[in-house]
Asks: 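The structure under discussion is supplied below as structure tokens; questions concerning it will follow.
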2 protein chains.
Amino acid sequence: MRAPVLKTPRRESKTVDRTSYEPAYAQIVRILSEEIATGILHPGDQLPSEAQLRARFFVSPMTIRRAINILVERGLVSAAQGKGTFVRSLDIGEAVFRLQELKEHWINGDETAVRLLEASIVSLDERAADRLAAPAGSRGIYIRRLVLRESTPAMYHREYLIYDPSRPLVEAQLQITSLTGLLQGQGGEGLRRGNLTMEAVNLDEEEALVLQVPVNSSAFSLEHTFYDFDDRPVSWGKFICRADIFVMTARIGAEVNL
Amino acid sequence: MRAPVLKTPRRESKTVDRTSYEPAYAQIVRILSEEIATGILHPGDQLPSEAQLRARFFVSPMTIRRAINILVERGLVSAAQGKGTFVRSLDIGEAVFRLQELKEHWINGDETAVRLLEASIVSLDERAADRLAAPAGSRGIYIRRLVLRESTPAMYHREYLIYDPSRPLVEAQLQITSLTGLLQGQGGEGLRRGNLTMEAVNLDEEEALVLQVPVNSSAFSLEHTFYDFDDRPVSWGKFICRADIFVMTARIGAEVNL
DNA sequence: TAGTGGTCTAGACCACTTA
DNA sequence: AAGTGGTCTAGACCACTAG
């Protein structure tokens, strides 16, 4: 007969399950995160050394290293060469807000449409010319779009593009009719990098009219500049997002059941 | 005599410099990022297989894997088992805004001060009680702070705390006089995790008065809830940030000289 | 000097995709 | 079946910190 199995192991540490589909490094990340979340490991505490963790989890050094690196990237611990690895206390600065939220919430399931309001050739005003590193008064493309969510105006997009018939950027831009297309792969493959800024603004008359809210309502302004492979700006514009629809979220600290 | 060195090698690929202090994996990340940034590798292109990259950079499989993983995390490439690794096109959804910016810009060098406006025991109103998972009308701590930057009001912080004399949280909170203390290690080591939301708001009369801007001005509202190790909310409040001071930035795509 | 984290190797095995 | 990415091993050497 087999020895009876203890139902409640006394303080036995969790270790990795080699039969699981979850990789060993991910299990170690999860287990250590849980110990931080439940207070077994408190902020300021030193984690066991890599050698000790290796012995506990029965894995090779590289596997432990990988797990620790992930915890460092997540801001849960900090590692100092020669000293040790320590649990960090909660830090608001670790919070990150991702625009990915926007895509996920709006694209999946909900009815979202992009309406092209205007597309015309214009003479670039001083500000737009400056942002596009072009001479003031030179020709550009001006595009206005409205993103509707369940028939409600949600985002108002205005964009200036460098006018260059030799580039397919404009044609590609004009064919965008979905939010996915609007947010990713702008101009297909001709863009290399982009700068984005986000600030809170008061809506002017035109913006308020388009978004169907009172003048002076607050909104998010997401300004963007995209550059081509020669590092020249080719697109500058702003997404004006209704504040009542557009809320960003972030989490800090250790998560359980992630 | 040595053979003359070619000043301009014909299309020779860069490889890793083993004498550099920069780790091999980081050099590989940098080199591949540059090739994406300069268009040598275009969006949609397949990267050389790991075996090929191994041969080019004269490193072991793990080192290549680590470099690729970093490129994936940065959103520059996507890897598919059995198919290959491909250069991604620009995607706004990859943008991340970090609150870390706030600390870096404000703490270093610039004169920043935290002024305690109020700290009192109150009866929690319905909303605060709900957020703190406490009965409406139960006792709580109410704290108001003003963050000044070069003598200009920049952030207005209001916070409700669970009233619990047995916990040192309140005392720790009241002693916060620096922005660093305000943003990290709130309540020392008693907090496990936090939820944050950010939205654009119009300032009410009180907020406008404190921040010395017109009523109805737009502002960022950074709302936070912090939980203890028993997963009970202990702190709920908002940072109201003047829009003209608080601008967040993000970058997407391949960076050179990072 | 002993202990810590940081990097790297040269293989191995597996899962997945495509042909 | 061949090629791809994904994981893991069992060592090694190095840089840094502390007593």
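The chains referred to below are lettered A, B, ... by the order of the sequence lines, with proteins before strands, and numbering in each begins at 1. The figures that follow rest on heavy atoms only: side chains count, while hydrogens, waters and symmetry mates do not.
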Asks: D:dT7 phosphate, OP1 or OP2: any side-chain N/O from A:Thr63 under 4.0 angstrom?
Replies: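 Checking A:Thr63 against D:dT7: no side-chain N or O falls below 4.0 Å of OP1 or OP2.
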Asks: So which heavy atom on A:Gly253 is nearest to which on A:Leu76, and how close?
Replies: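 Looks like C-CD2, 3.5 Å.
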Asks: Whole-Å distance between C:dG6 P and A:Ile64 CD1?
Replies: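 Taking CD1 of A:Ile64 and P of C:dG6, I get 13 Å after rounding.
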Asks: Under the criterion side-chain hydrogen bond (donor to acceptor under 3.5 Å, both in side chains), which of A:Asp231, A:Asp228, A:Asp230 is the partner of A:Arg192?
Replies: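 Going through the options one by one, the only one that passes is A:Asp231.
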Asks: Find which nucleotide of DNA chain D each of B:Gln52 and A:Val59 is nearest to by heavy atoms, and output the residue with the more 5' nucleotide.
Replies: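 On the 5' side of the pair lies B:Gln52.
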Asks: Please report the interatomic distance CZ(A:Phe229) to CD1(B:Ile40), rounded to the nearest 0.5 Å.
Replies: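 So the CZ of A:Phe229 and the CD1 of B:Ile40 are separated by 11.0 Å.
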Asks: Figure out the CD/C1' separation between A:Gln46 and C:dG5, and round it to whole Å.
Replies: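 Atom-to-atom, A:Gln46 to C:dG5, this comes out as 11 Å.
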Asks: Rounded to whole angstrom units, what separation is found between the CG atom of B:Asn69 and the P atom of C:dT7?
Replies: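 Spelled out: CG on B:Asn69 to P on C:dT7 is 14 Å.
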Asks: Can you check the B:Leu53 CG to D:dT4 C1' distance for me, whole Å?
Replies: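 These atoms are roughly 12 Å apart.
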Asks: Just call it for B:Arg66: base, sugar-phosphate, or nothing, with non-hydrogen atoms closer than 4.0 Å on any strand.
Replies: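 It contacts sugar-phosphate atoms only.
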Asks: When you measure from the side chain of A:Tyr25, which nucleotide among C:dG6, C:dC8, D:dC8 comes out closest?
Replies: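 Per side-chain heavy atoms of A:Tyr25, the pick is D:dC8.
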Asks: So, are B:Glu94 and B:Arg88 salt-bridged, with charged N and O less than 4.0 Å apart?
Replies: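 B:Arg88 and B:Glu94: salt-bridged.
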Asks: Nearest-Å distance, CD (B:Glu22) to P (C:dG6)?
Replies: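 Result: 17 Å.
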Asks: When rounded to the nearest 0.5 angstrom, what distance separates NZ in B:Lys238 from CD in B:Glu223?
Replies: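 Rounded to the nearest 0.5 Å, the NZ-CD separation comes to 5.0 Å.
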Asks: Any chance you could measure A:Leu99, atom CG, to B:Ile252, atom CD1, to the nearest 0.5 Å?
Replies: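 So the CG of A:Leu99 and the CD1 of B:Ile252 are separated by 8.5 Å.
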Asks: Measuring to OP1 and OP2 of C:dT4, would you say a side-chain N or O of A:Thr85 lies under 4.0 angstrom away?
Replies: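 Checking C:dT4 against A:Thr85, no side-chain N or O comes under 4.0 Å of OP1 or OP2.
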Asks: Got more than 12 heavy atoms from elsewhere within 6.0 Å of CZ, B:Arg98?
Replies: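 Not more than 12 within 6.0 Å, no.
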Asks: For A:Ser49 and C:dT4, is the shortest distance between a side-chain N/O and OP1 or OP2 below 4.0 Å?
Replies: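 For A:Ser49, the contact criterion (side-chain N or O under 4.0 Å from OP1 or OP2 of C:dT4) is met.
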Asks: Specify the closest pair of heavy atoms between A:His224 and A:Phe239, including all atoms of both residues, with the distance to one decimal.
Replies: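 Looking at all heavy atoms of both residues, the shortest contact is CD2-CE1, 3.5 Å.
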Asks: Which whole-number value in Å describes the distance from B:Arg54 CZ to C:dA10 C1'?
Replies: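 So the two atoms are 9 Å apart, to the nearest Å.
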Asks: Quantify the bending of the helix from C:dT1-D:dA18 to C:dT18-D:dA1 as the angle between its end axes, each fitted on five pairs, to 10°.
Replies: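 About 0°, once rounded to a multiple of 10°.
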Asks: Measuring from A:Glu34:CD to A:Leu41:CG, what's the distance to the nearest 0.5 Å?
Replies: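 Those atoms lie 11.5 Å apart.
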Asks: Atom CZ of A:Arg65 to atom C1' of C:dT9: distance rounded to whole Å?
Replies: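 Answer to the nearest Å: 16 Å.
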Asks: Would you indicate what B:Arg18 reaches in the nucleic acid, counting non-hydrogen atoms under 4.0 angstrom: base, sugar-phosphate, or nothing?
Replies: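 Answer is sugar-phosphate: B:Arg18 comes under 4.0 Å of backbone atoms only.
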Asks: If a pair satisfies salt bridge (Lys or Arg N to Asp or Glu O under 4.0 Å) and one of its residues is in residues 59-70 of chain B, list it, with sequence neighbours excluded.
Replies: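 Only B:Glu50-B:Arg65 qualify under salt bridge (Lys or Arg N to Asp or Glu O under 4.0 Å).
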Asks: For a quick check, with a 4.0 angstrom heavy-atom cut-off, what is the B/S/- contact string for nucleotides 11-19 of chain D, read 5' to 3'?
Replies: B---BBSS-
Asks: CD of A:Glu50 versus P of D:dA10: gap in Å, rounded?
Replies: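 Checked: the CD to P distance equals 16 Å.
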Asks: At under 4.0 Å between heavy atoms, what does B:Ala51 touch on the DNA or RNA strands: base, sugar-phosphate, or nothing?
Replies: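 Since no nucleic acid heavy atom lies under 4.0 Å of B:Ala51, the category is nothing.
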